[in-house]
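So that the names make sense, note that chain A is the first sequence line, chain B the second, and so on, each numbered from 1.
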2 protein chains.
Amino acid sequence: MTVKRELDPIAQLRHLCRQHGLRVTPQKIMIYQELQKALDHPSPEQLFQRLQRTHPELSLDTVYRTLSAFAEIGLVDLVEGYGTARRFDPRREKHHHFHCRKCGAILDFTSDQYDQLAIPASISRDCQVLNLRVTLEGYCKQCRSQTNI
Amino acid sequence: MTVKRELDPIAQLRHLCRQHGLRVTPQKIMIYQELQKALDHPSPEQLFQRLQRTHPELSLDTVYRTLSAFAEIGLVDLVEGYGTARRFDPRREKHHHFHCRKCGAILDFTSDQYDQLAIPASISRDCQVLNLRVTLEGYCKQCRSQTNI
DNA sequence: TTTTCTGCAAATCCTTTGCATATCC
DNA sequence: GGATATGCAAAGGATTTGCAGAAAA
């Protein structure tokens with residue numbers, strides 16, 4: 001007897017929106033459906049262009065606002081372009097990073113376990129892999145205590 | 001008898017620049033030194049502001065150009081703000097990503113090994129970790145064959 | 001009915017570019 | 001001396017914001 005965990009995507013959308021006090025609008029639905037169809041991890045602009053064919057009345061800033069809201073409630077994942085500006089690291093020793101979601105701090109740490117990770121065959125078969133990076137994300141010490149998260 | 005691997009940072013800078021046909025200028029040196037001093041993975045703008053105190057003649061776009069060049073020759077690492085736009089992912093199943101450096105494609109893959117990674121105590125002690133992400137970086141099938149990399 | 005959302009337009013922020021001059025090798 | 005780098009200013013691209021009208025709960 002398994003618990004039913006998977007709702008259909010739109011039911012998920014409704015559920016999460018209501019849970020977070022967001023309204024379920026036609027725009028939210030069309031944006032979410034278009035993103036579901038996409039296999040290429042699109043940008044707001046790309047999604048907007050695809051939707052324009054069928055929904056010319058939709059505006060780009062609604063796509064931005066909607067995707068941000070979705071990411072906040074955990075309905076979708078931001079997989080590129082987290083912070084607001086480029087950041088650089090001069091350390092040459094093997095290490096990894098923790099990123100604070102609130103203040104943007106990036107903390108270094110080392111981990112033998114992470115250093116020893118292998119590249120899955122499904123990827124190394126076709127792609128040339130030059131780098132593996134493990135990134136932790138959450139709230140740092142200060143932000144954790146300031147907010148009551 | 002150990003081979004000497006670690007040159008002092010400025011020697012590294014000179015070495016890598018020459019190796020890649022880049023000139024060693026006072027600007028490159030001051031930018032690299034300031035980045036070495038920083039423990040916070042600064043943005044170009046932040047680095048520029050810090051340098052202005054002592055080098056008011058330095059320009060922001062030189063900081064941008066220089067940091068990009070450093071990242072290209074592998075002297076420093078870009079640790080935030082890789083792509084040009086935000087990208088979103090609707091998949092709710094556990095998975096990881098490969099990012100192509102040339103065309104920007106993001107490929108999904110699964111890995112039990114990656115799913116089972118632990119959070120190091122040095123981080124979980126102070127920080128609240130909400131997410132762990134493994135990202136592979138390199139050249140995808142198409143880009144690998146097009147370029148001769 | 002009330003609060004939130006949307007579309008529009010303008011603003012903002014980050015990054016890149018063109019060009020003339022200065023500089024490294 | 002010749003190729004590359006720099007500084008300046010302007011352009012470009014991505015994202016955010018203020019506001020008034022529209023729509024969801």
Participant: Name the first nucleotide and the last nucleotide along DNA chain D (5' to 3') that come under 4.0 Å of a heavy atom in chain B.
Facilitator: D:dG2 to D:dT16
Participant: Any carboxylate oxygen within less than 4.0 angstrom of a Lys/Arg side-chain nitrogen, looking at B:R50 and B:D40?
Facilitator: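 Result for this pair is yes, salt bridge flagged.
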Participant: Would you kindly give the OH-to-P distance between A:Y32 and C:dC5, to the nearest whole Å?
Facilitator: 18 Å
Participant: Measure from the side-chain N and O atoms of B:K28 to the backbone N and O of B:T66, and report whether any donor-acceptor pair falls under 3.5 Å.
Facilitator: no
Participant: I'd like to compare against my own output: the B/S/- annotation of nucleotides 19-25 of chain C with a strict under-4.0 Å heavy-atom distance to protein.
Facilitator: ----BBS
Participant: Any chance you could measure B:I106, atom CD1, to B:D89, atom CG, to the nearest 0.5 Å?
Facilitator: 8.0 Å
Participant: Backbone N or O of A:S43 within a donor-acceptor pair of the A:Q46 side chain at under 3.5 Å?
Facilitator: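 Indeed, once roles are kept as given, a pair shorter than 3.5 Å links the two residues.
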Participant: For the pair A:R101 and A:E137, find out whether any cationic side-chain nitrogen is under 4.0 Å from an anionic carboxylate oxygen.
Facilitator: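 A:E137 and A:R101: salt-bridged.
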Participant: Estimate the overall bend of the helix from C:dT1-D:dA25 to C:dC25-D:dG1 from the end axes over five pairs each, rounded to 10 degrees.
Facilitator: 50°
Participant: Looking only at side chains, do A:E80 and A:H41 share a donor and an acceptor under 3.5 Å apart?
Facilitator: no
Participant: Under the side chain to side chain donor-acceptor pair (under 3.5 Å) rule, collect the residues that match up with B:Q27, sequence neighbours excluded.
Facilitator: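 So B:Q27 forms no side chain to side chain donor-acceptor pair (under 3.5 Å) with any residue.
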Participant: Whole-Å distance between C:dC14 P and B:L78 CG?
Facilitator: 15 Å
Participant: Could you name each residue pair satisfying side-chain hydrogen bond (donor to acceptor under 3.5 Å, both in side chains) that touches residues 112-125 of chain A, not counting sequence neighbours?
Facilitator: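 As it turns out, the side-chain hydrogen bond (donor to acceptor under 3.5 Å, both in side chains) pairs with a partner in residues 112-125 of chain A, which skip direct neighbours, are A:H96-A:D115.
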Participant: If I take atom CD from residue A:Q49 and atom CG from residue A:L60, how far apart are they, to the nearest 0.5 angstrom?
Facilitator: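 So the gap between those two atoms works out to 9.0 Å.
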Participant: Among A:R133, A:R86, A:R87, which one satisfies side chain to side chain contact (heavy atoms under 4.5 Å, CB included) with B:V79?
Facilitator: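 Exactly one candidate clears the test, A:R87.
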Participant: Is the side chain of A:H15 donor-acceptor paired with the backbone N or O of A:L13 at a distance under 3.5 Å, no angle test?
Facilitator: no
Participant: Which parts of residues 37-63 of chain B get close to DNA chain D, meaning a heavy atom less than 4.0 angstrom away?
Facilitator: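 Only B:E57, B:L58, B:S59, B:D61, B:T62 qualify.
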Participant: For A:F70 together with A:Y32, are the ring centres under 6.0 Å from each other?
Facilitator: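 That pair passes the under 6.0 Å test.
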